[in-house]
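Here is how names work: the chains are called A, B, and so on, in the same order as the sequence lines, proteins then strands, and each is numbered from 1. Not measured: the values here are computed from a predicted model.
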There are 2 protein chains.
Amino acid sequence: MLELRLVQGSLLKKVLDAIKDLVTDANFDCSSTGFSLQAMDSSHVALVALLLRSDGFEHFRCDRSVSVGMNLNNMAKMLKCASNDDIITIKSDDGGDAVTFMFESPNQDKISDFEMKLMDIDSEHLGIPEAEYHAIVKMPSSEFATICKDLSTIGDTVMISVTKEGVRFSTKGDIGSANIVCRQNTSVDKPEEATIIEMQEPVSLTFALRYLNSFTKATPLSSSVTISLSSELPVVVEYKIADMGYLRFYLAPKIEDEGDES
Amino acid sequence: MLELRLVQGSLLKKVLDAIKDLVTDANFDCSSTGFSLQAMDSSHVALVALLLRSDGFEHFRCDRSVSVGMNLNNMAKMLKCASNDDIITIKSDDGGDAVTFMFESPNQDKISDFEMKLMDIDSEHLGIPEAEYHAIVKMPSSEFATICKDLSTIGDTVMISVTKEGVRFSTKGDIGSANIVCRQNTSVDKPEEATIIEMQEPVSLTFALRYLNSFTKATPLSSSVTISLSSELPVVVEYKIADMGYLRFYLAPKIEDEGDES
DNA sequence: AAAAAGTCTG
DNA sequence: CAGACTTTTT
């Protein structure tokens with residue numbers, strides 16, 4: 001028996017909007033710790049990791065650890081039927097082949113329940129090693145989204161270079177090239193507007209903008225984003241989910257001086 | 001001679017936006033009582049009935065009862081040329097083959113007139129019998145629109161069931177099923193936000209969501225909608241037009257246990 | 001890909 | 001209030 005009650009239902013809606021274009025089907029893993037998901041994108045290039053800790057739910061009942069496979073597009077469709085101020089409850093019977101999403105309006109006048117068939121999904125559960133990162137950049141998520149969108153009008157890849165001066169995003173394409181440099185800046189009104197660069201050593205890596213632009217679908221989840229970089233390692237783009245956990249995206253860098261294999 | 005002067009011209013614009021997708025050509029019937037229309041939709045499944053009483057017009061002259069046939073898409077096009085705060089006057093000479101729409105800006109700075117050719121339209125004028133309804137649900141029109149839209153992402157038809165507990169909208173489709181229950185609720189700030197259920201006996205009927213979604217195009221006309229249900233009878237979905245009349249839609253229920261013939 | 005809805009700005 | 005634009009939906 002599974003019964004998870006989330007007062008801020010809009011969080012779950014935003015999570016699904018953020019990942020449904022990247023991953024079509026995935027297993028949600030539920031244990032007493034929380035509700036989590038780990039899945040490769042359909043082209044097996046990027047990895048998505050979601051964690052919603054149990055203490056972020058108003059009510060969290062999970063009798064035994066289970067893995068429930070869902071089609072994320074269908075799940076997103078159903079969640080779209082919840083209002084942003086609805087309370088969402090996820091229910092599933094052990095051994096059952098369906099999950100129920102219940103939406104309660106704040107004043108309890110309208111109660112909806114949507115039932116969805118579960119799927120059997122093979123998933124290689126990859127252990128993601130905790131790594132030391134050469135550089136960690138924290139910046140406003142909307143600014144990161146704008147940079148990725150702007151640069152993709154010029155080129156297909158972005159080189160992210162972190163130095164003491166700041167973080168540089170550069171691209172090159174048929175029509176020209178572009179560089180956007182963001183300096184560290186902590187003297188802002190609100191902490192979420194800050195740009196903070198923690199650098200152990202300079203690092204410079206190149207990524208496909210197509211994937212980064214997918215990741216920025218998570219922008220509504222958090223006003224800031226953290227980008228962790230180490231040479232040879234996949235970048236981690238993390239959106240914190242207030243009081244509950246995170247949505248992280250992993251993407252391997254392109255090897256320099258190599259053409260696009262797409 | 002026909003001359004109808006409507007100060008709140010935006011009402012007529014909204015009426016045409018609401019029905020032009022359902023009905024292509026129709027006769028408007030004008031008598032000393034008012035301005036009305038009754039027409040089947042192009043697939044002859046739904047019926048539209050409009051009434052604008054003469055006393056809602058600033059000036060209402062109709063020497064003898066006439067029926068003027070118009071192409072509603074063309075009429076809507078012309079009305080779109082009126083500003084929302086314009087005064088609209090409809091004029092037509094007896095025996096003439098055209099109608100004139102005159103738009104006056106509130107400060108009289110701009111006066112437009114648009115002339116449109118009339119059409120000869122055969123119309124079976126159906127007498128709609130006043131019926132007793134087993135259940136009458138009044139609810140916010142925007143909520144009804146949202147429910148119909150949400151459910152149509154899951155299925156093609158909706159079963160509307162009224163019990164003492166409230167009104168239930170249910171559907172079933174390939175990806176799952178859904179139920180939305182709205183309870184009676186009169187303790188709201190504004191009367192138009194109330195949900196009121198008058199039930200003589202429980203009733204449960206199934207309708208094609210495609211048509212209900214067309215009906216909800218009338219949502220801008222009124223903040224609440226009234227849904228009248230009786231077994232075996234067409235549902236009536238009514239949007240009151242303040243101080244003037246109503247726009248009603250009639251739709252026959254689907255016979256239960258029958259597959260979609262679409 | 002086209003249409004419709006919503007949002008924003010002038 | 002309207003036009004344009006963006007965003008979403010079919």
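- Using the six-membered ring where Trp is involved, Phe35(B) and Phe57(B) have ring planes that are perpendicular, over 60° apart on the 30 and 60° scheme.
- We find that NZ of Lys77(A) is positioned 11 Å from P of dT9(D), with the value rounded to whole Å.
- Both Thr153(B) and Ala82(B) lie near DNA chain D, and the one whose nearest nucleotide falls closer to the 5' end is Ala82(B).
- You'll find that the side chain of Lys80(A) is closest to dT9(D), out of dT9(D), dA5(C), dA2(D).
- Summarising the geometry, the separation between CD1 on Ile154(B) and P on dT9(D) is reported as 14 Å, rounded to the nearest angstrom.
- By the 4.0 Å N-to-carboxylate-O rule, Arg5(B) lies close enough to Glu104(B) to be salt-bridged with it.
- Between Asp85(B) and Ser152(B), it is Asp85(B) whose nearest contact on DNA chain D lies nearer the 5' terminus.
- The closest side-chain donor-acceptor pair between Asp150(A) and Ser152(A), if any, does not fall under 3.5 angstrom.
- Considering Val68(B), Leu37(B), Leu4(B) in turn, Leu4(B) is the only one that fulfils the side chain to side chain contact (heavy atoms under 4.5 Å, CB included) rule with Cys30(B).
- If you check every strand for non-hydrogen atoms under 4.0 Å, Lys149(B) touches nothing.
- In this structure, NZ of Lys20(B) is placed 13 Å from P of dA3(C), rounded to the nearest angstrom.
- Going from atom NZ of Lys217(B) over to atom P of dT10(D) covers 10 Å, rounded to whole Å.
- We find that CG of Asp21(B) is positioned 15 Å from C1' of dT9(D), with the value rounded to whole Å.
- One interatomic measurement links the two molecules: CG of Asp17(A) to P of dT7(D), which rounds to 15 Å at whole-angstrom precision.
- Distance NZ (Lys13(A)) to C1' (dT8(D)): 14 Å, rounded to an integer number of Å.
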